[in-house]
Amino acid sequence: MKAKATIRLKFPSEKHLEIVLKALEPEIRKSPTTRSQATFTRKKNLIILSVAAKDTVALRAAVNAYLRWINSTTNVLEILEGIS
């Protein structure tokens, strides 16, 4: 893998972090593509997303995909918290 990126994301609580990690579990277990690999490390209310890819195009696509999935999950959480 030639291209790498590390992104640290802070969540308002460990509960939010747990829910996001649970939602991403299928993608964490098996990468959607062979051109990149991602790992998640948890530290208190931080997720450290590390992505390695064969080239910068694959890196950008993978980072964007993971960030969109995380953003979608947090948006759903905010809506659900607003309802209850």
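What you see is a predicted model, and the numbers here were worked out from it, not measured in a lab. All values below were derived from every heavy atom in this structure, side-chain atoms included, with hydrogens, water molecules and symmetry-related copies excluded.
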Q) Can Val76 be reached from Ile70 by stepping across I, L, V, M, F, W or Y side chains whose heavy atoms are under 4.5 Å apart? A) no

(Q) Using the rule that Ile, Leu, Val, Met, Phe, Trp and Tyr join whenever any side-chain heavy atoms are under 4.5 Å apart, tell me whether Ile28 and Phe11 fall into a single cluster. (A) yes

Q.
What verdict does the side chain to side chain contact (heavy atoms under 4.5 Å, CB included) test give for Val51 and Lys4, after you've listed the backbone C-alpha separation in whole Å, the side-chain angles of each residue and the deciding distance to 0.1 Å?
A. CA-CA 6 Å; Val51 181; Lys4 294 180 182 179; over 6 Å; no

Which atom of [X] lies closest to which atom of [Y], heavy atoms considered:
X	Y	result
Asn45	Leu17	C-CD1, 3.5 Å
Glu14	Lys44	CG-O, 3.7 Å
Ala62	Ser36	CB-OG, 3.4 Å
Glu27	Trp69	CG-CZ3, 3.3 Å

Q: Carefully, step by step, assess Arg42 and Leu21 under the rule side chain to side chain contact (heavy atoms under 4.5 Å, CB included).
A: CA-CA 9 Å; Arg42 179 183 173 174; Leu21 285 177; 4.1 Å; yes

(Q) Can a side-chain donor-acceptor contact be found between Glu81 and His16 if the only test is distance below 3.5 angstrom? (A)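 The criterion, which ignores hydrogens and geometry beyond distance, is satisfied for Glu81 and His16.
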
(Q) Rounded to the nearest 0.5 Å, what separates atom NZ in Lys2 from atom OG1 in Thr56? (A) 10.5 Å

Q: Take Tyr66 and Ile7, measure what side chain to side chain contact (heavy atoms under 4.5 Å, CB included) needs, and give me the verdict at the end.
A: CA-CA 11 Å; Tyr66 282 104; Ile7 299 165; over 6 Å; no

Q) In terms of heavy-atom contacts, does CZ of Arg8 have more than 12 from other residues, nucleotides or ligands at under 6.0 Å? A)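 Incorrect, the count does not exceed 12.
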
Q.
One pair to check against side chain to side chain contact (heavy atoms under 4.5 Å, CB included): Phe40 and Ile48. What are the steps and the verdict?
A. CA-CA 6 Å; Phe40 287 82; Ile48 302 169; over 6 Å; no

(Q) Tell me which one of Leu67, Thr73, Asn75 satisfies side chain to side chain contact (heavy atoms under 4.5 Å, CB included) with Asn71. (A)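 One option only clears the test, and that one is Asn75.
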
(Q) Among residues at least two apart in sequence or on other chains, which ones pass salt bridge (charged side-chain N to carboxylate O under 4.0 Å, His left out) with Arg29? (A) Glu25

